[in-house]
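Each residue takes its place number in the sequence, starting with 1. The figures here come from the full heavy-atom set of this structure, side chains too, leaving out hydrogens, waters and symmetry mates. All ligand and atom numbering here is 1-based and tracks the order in the structure.
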Amino acid sequence: MPEFKQPILYSFRRCPYAIRARLALFYARINVEIREIVLREKPKEFLATSPSGTVPSLRLKMTVLDESLDIMKWALGQNDPTNLMEMPEYGFDLISECDGNFKRALDRTKYPNRFPDADPVQSRDEASVFLYKLENTLSPNLFGANMSIADLAILPFVRQFAHIDQVWFYDQDWINLIKWLDSFKQSSEFNKIMTKIHPWQECDSPVMFSDLYWS
Ligand SMILES: N[C@@H](CCC(=O)N[C@@H](CS)C(=O)NCC(=O)O)C(=O)O
């Protein structure tokens with residue numbers, strides 16, 4: 001076993017689950033080594049770490065966190081300078097709905113070839129039901145002026161949905177949703193954690209959050 005020096009986050013830049021994990025670690029100012037993974041060529045070190053073979057996966061000294069939401073809760077449980085965890089329990093229901101029915105419908109409209117039995121337009125309508133629910137909740141964030149863990153957990157998926165057909169998305173009458181998404185996409189936090197890095201190789205020196213984001 002290699003000596004444990006610091007937490008290691010296996011990540012994939014565009015993956016919405018990995019984006020939410022990086023955001024939480026960034027907001028919590030937790031310094032981790034980040035290893036960018038190519039999903040079609042998963043390195044053996046990653047497969048040895050992640051029981052599910054999915055990103056994100058965070059190797060800690062005694063354990064591995066293999067679910068993005070667990071990484072978020074762990075990070076913000078260590079340090080939560082902007083009070084992201086201060087939200088009603090209902091916020092976790094919204095996250096579950098995002099990860100469940102909304103993501104299911106999103107995938108069926110984004111990847112019609114993978115789901116030949118699903119109608120992409122009907123799936124888009126199904127996904128939109130959740131987005132209108134958010135539209136009616138936003139003021140300007142899900143729980144008022146402060147961002148919460150629910151905002152950080154859900155926004156990467158709304159972004160993914162919006163990118164399927166941006167013309168159509170920006171043509172819908174979800175004004176609050178568009179403002180919320182645009183403000184997220186323009187935020188320095190989001191832009192920092194989207195910094196491009198080369199796929200990790202065993203011979204590389206560690207790339208730390210502190211080198212990328214806090215230098
Ligand atoms: N429930 C997991 C889901 C993570 C997930 O599905 N990530 C995708 C990338 S966006 C993945 O790693 N897929 C494996 C693959 O494509 O081989 C989480 O919340 O972390």
Any V55 heavy atom less than 4.0 Å to ligand 1
yes
- Item | Contact check, K42 vs ligand 1, heavy-atom distance below 4.0 Å | yes
Would you please indicate yes or no on a ring centroid separation below 6.0 angstrom for [Y] and [X]?
{"X": "Y213", "Y": "F26", "value": "yes"}
{"X": "F46", "Y": "W200", "value": "no"}
{"X": "Y17", "Y": "F12", "value": "no"}

Protein heavy-atom partner closest to [atom] - residue, atom, separation in Å:
{"atom": "atom 2 (C) of ligand 1", "answer": "E67 OE1, 3.5 Å"}
{"atom": "atom 13 (N) of ligand 1", "answer": "T54 CG2, 4.0 Å"}
{"atom": "atom 9 (C) of ligand 1", "answer": "C15 SG, 3.4 Å"}

Residues Q172 and I178: closest non-hydrogen pair is O-CD1, 4.0 Å
The atoms of ligand 1 lying under 4.0 Å from a heavy atom of P56, numbered in the order shown, are 20 (O)
Near L39 (heavy-atom distance under 4.0 Å), the atoms of ligand 1 are 9 (C), 12 (O), 16 (O)
- Item | Test item: side-chain donor near acceptor, S11 and R22, under 3.5 Å | yes
ask   = Think R114 forms a cation-pi with Y111, using NZ or CZ under 6.0 Å from the six-ring centre and within 45 degrees of its axis?
value = yes
Exercise. Is the shortest N/O to N/O distance between Y17 and ligand 1 below 3.5 Å?
Worked result: no
Would one find an N or O of S68, backbone or side chain, under 3.5 Å from an N or O of ligand 1?
yes
- Do the charged groups of R29 and D80 touch, with an N to O distance under 4.0 Å? no
